[in-house]
Participant: 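Provided herewith is a single structure, encoded as structure tokens, for subsequent inquiry.
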Amino acid sequence: MNQTRARVLVVDDTPTKLYILSSWLRRSGHEVVQATGGAEALVKVRELRPDLVVLDVRLPDISGYEVCERIKADPATASIPVVQISGAAITPADRARGLERGADAYLAEPVEPDEFAATVEATLRYYRARQRAERIAERLAALTEVTLAMNSADTFDELLVTAVEGASRILGRQAGTMALPPDGRVRRYTALPPACAVSRSVTAGTLPALGAMSLGNAAGTQVFTVPAGDWLRLLPDAAIKGDVRAVLCRTKAGRPPVFLGVEESPELGEDESNVLRQLGQALALALDALRAYAEEHAIALTLQRSLLPSKIPEVPGLQISWRYQPAVDNVEVGGDFYEVLRLDERVLIAIGDVQGHSLHAATVMAELRHALRASLIGTVDLGASMGLLNDVLRRYHPGMTATVCLTLIDPLTGHMEVANAGHIPALLIGDEGGARYDRLGNLLLGVAEETYRVDQLTVPEGGGVLMFTDGLVEDRDKLLDESLEIVRQLADTVEDDLELFCERLIGRFGAREDDVALVVFRRDTR
């Protein structure tokens with residue numbers, strides 16, 4: 001007796017034989033579809049996709065050999081097993097020819113009912129096992145693809161969308177997911193193949209309620225069924241027709257759980273439940289990794305900003321604006337810094353960049369800022385201050401380098417001194433000929449003993465200076481000179497509000513792979 005009902009197409013032009021074979025199959029519990037010719041059989045194979053074809057070799061229009069070949073040549077029907085049967089072509093050569101041209105079994109008449117039934121069952125059993133193995137392989141490949149995509153997600157929403165669309169696509173049914181990112185707002189997405197994921201509303205108590213149904217407050221993974229009534233009480237807007245098969249994961253006790261589920265109609269098999277479990281576990285791990293990354297990035301940003309000036313002093317006669325923008329994908333602190341200090345009637349404005357991205361680079365940056373401040377107590381000499389910074393770096397941090405640009409301006413007269421240690425030259429704004437860069441400076445800090453030149457300039461009323469670190473303009477696919485020229489052209493026209501100019505400048509270059517610090521100042525027009 002067969003284990004699973006199958007749809008079998010019987011193809012024979014002899015009415016008596018067609019009846020007998022069909023009755024044997026129906027007695028075994030199978031559904032039977034009939035055809036009396038090869039062309040009719042090919043149409044029914046394409047339309048009905050039977051589980052098995054029982055095919056006579058001698059047909060009036062197309063031979064059974066050719067029908068079998070066509071079935072196996074079509075990728076859409078190649079996996080359908082074919083049992084050929086004949087009362088005329090019964091020699092070993094005939095049987096060999098049938099098997100060579102694609103038949104999975106070959107019976108020569110007369111054939112006993114038990115032999116026929118056993119051959120049909122064996123062929124179905126083999127193909128069902130093969131189809132199951134192919135489905136498992138396809139799902140595992142898709143699972144790997146979705147897992148890689150989840151681990152590549154940059155945001156929590158992108159991660160959840162990837163997971164729910166992957167679950168829906170792999171399992172071929174409506175899927176949903178819920179999670180609580182660090183911002184404290186629960187996210188819920190649903191997807192129905194082949195549509196894209198849709199964001200849904202959800203209350204804060206839904207995840208804890210699902211936890212109470214399964215894991216409680218413990219860590220781990222649990223697959224369970226939520227009855228349709230319970231699910232609709234939790235989420236009244238859910239468009240489900242039956243129960244929900246759910247997986248809830250919590251990597252560590254005390255953390256919010258992660259939910260991933262699908263409609264359980266039709267019922268999931270063991271292999272499908274295992275795929276759902278693995279997807280849920282992969283989602284939980286990816287969420288934890290993204291959460292850790294976000295926390296590290298926030299800590300790095302807080303530390304970086306704690307090492308920079310908490311506020312910029314107000315200076316009569318001088319407008320000052322600044323920006324610090326951390327690298328978009330870097331969780332480490334960097335060495336970019338700026339400084340604005342009032343020195344009686346004059347103002348020192350500095351910008352610099354210590355080599356590397358690390359806590360060490362940030363601490364060296366802080367040391368240079370403090371050393372700079374100390375050097376300005378008493379006599380102010382930019383060349384001497386720069387020499388001191390060079391000595392500090394060479395003595396206490398050998399192997400480290402930094403670029404620094406110092407400007408000292410008197411807002412009343414516009415007189416300005418500039419000392420530059422390997423930094424991008426200051427961009428002078430408001431000259432009659434348009435914005436232009438100051439000349440190149442001396443050797444960067446930390447390399448060798450150096451005497452730093454101090455240039456004397458005059459900033460006219462309404463004129464200004466832009467200073468920035470190389471993170472603003474360095475791109476892998478563009479020459480530095482091209483990016484510097486873009487900045488110069490942008491600075492040809494500066495808004496009355498320097499904040500707007502800074503926004504335009506940052507917006508032009510977008511998210512950066514390196515930290516960016518910039519300061520722009522302008523003398524008031526009297």
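Only a predicted model underlies this, so the values are computations on that prediction, with no experimental measurement involved.
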Participant: Any salt bridge (Lys or Arg N to Asp or Glu O under 4.0 Å) pairs touching residues 171-180, not counting sequence neighbours?
Facilitator: Arg173-Glu272

Participant: Enumerate the salt bridge (Lys or Arg N to Asp or Glu O under 4.0 Å) contacts for residues 377-401, please, sequence neighbours excluded, ordered by first and then second residue.
Facilitator: none

Participant: Go through the steps to decide whether Lys252 and Asp288 satisfy the test salt bridge (Lys or Arg N to Asp or Glu O under 4.0 Å), and finish with yes or no.
Facilitator: CA-CA 10 Å; Lys252 290 184 180 179; Asp288 272 3; over 6 Å; no

Participant: Quick one: list whatever passes ring pair (Phe, Tyr, Trp, His ring centres under 6.0 Å) with Phe259, sequence neighbours left out.
Facilitator: Trp231

Participant: Partners of Asp455 by salt bridge (Lys or Arg N to Asp or Glu O under 4.0 Å), sequence neighbours excluded?
Facilitator: Arg439, Arg453

Participant: Locate the shortest heavy-atom distance separating Pro411 from Val315; write the atom from each residue and the value.
Facilitator: CG-CG1, 3.9 Å

Participant: Quick one: ring pair (Phe, Tyr, Trp, His ring centres under 6.0 Å) pairs with a partner in residues 371-413, sequence neighbours left out?
Facilitator: His360-His397

Participant: Which pairs, with at least one residue in residues 208-232 and sequence neighbours excluded, count as a salt bridge (Lys or Arg N to Asp or Glu O under 4.0 Å)?
Facilitator: Asp230-Arg233

Participant: Quick one: list whatever passes salt bridge (Lys or Arg N to Asp or Glu O under 4.0 Å) with Glu503, sequence neighbours left out.
Facilitator: Arg323

Participant: Would you say Glu314 has more than 12 foreign heavy atoms packed within less than 6.0 Å of its CD?
Facilitator: no

Participant: Passes salt bridge (Lys or Arg N to Asp or Glu O under 4.0 Å), Glu339 versus Arg373? Steps please.
Facilitator: CA-CA 9 Å; Glu339 185 67 89; Arg373 289 184 168 207; 3.0 Å; yes

Participant: Going by the rule side-chain contact (heavy atoms from CB on, under 4.5 Å), which residues pair with Thr177 if we only count those two or more places apart in sequence or in a different chain?
Facilitator: Leu160, Val164, Tyr189, Leu260, Leu283

Participant: Below 4.5 Å, heavy atoms only, C-beta onward: do Glu263 and Asp243 meet side chain to side chain?
Facilitator: no

Participant: Does a side-chain heavy-atom distance below 4.5 Å link Leu440 with Pro425?
Facilitator: yes

Participant: Only pairs at least two apart or in different chains count here, so list each salt bridge (Lys or Arg N to Asp or Glu O under 4.0 Å) that has a residue in residues 177-186.
Facilitator: Asp183-Arg187

Participant: Side chains of Asp515 and Thr469: does their closest heavy-atom pair fall under 4.5 Å?
Facilitator: no

Participant: Under 3.5 Å, which donor-acceptor pairs link side chains of residues 401-408 to any protein atom two or more places apart or in another chain?
Facilitator:
unit_1	atom_1	unit_2	atom_2	d
Thr401	OG1	Gln355	OE1	3.1
Thr403	OG1	His423	ND1	2.8
Thr407	OG1	Ile349	O	2.8

Participant: Sequence neighbours left out, what pairs pass ring pair (Phe, Tyr, Trp, His ring centres under 6.0 Å) with at least one residue falling in residues 447-496?
Facilitator: none

Participant: Would you sort out whether Gln319 and Asp524 count as a side-chain hydrogen bond (donor to acceptor under 3.5 Å, both in side chains), showing the intermediate values?
Facilitator: CA-CA 7 Å; Gln319 300 176 46; Asp524 289 340; 3.3 Å; yes

Participant: Under 4.5 Å between any side-chain heavy atoms of Trp322 and Val520, yes or no?
Facilitator: no

Participant: Do any pairs count as a side-chain hydrogen bond (donor to acceptor under 3.5 Å, both in side chains) and have a residue in residues 206-215, sequence neighbours left out, and if so which ones?
Facilitator: Thr203-Thr206

Participant: Inspect the surroundings of CG in Asp271 and state if more than 12 heavy atoms from other residues, nucleotides or ligands are less than 6.0 Å away.
Facilitator: yes

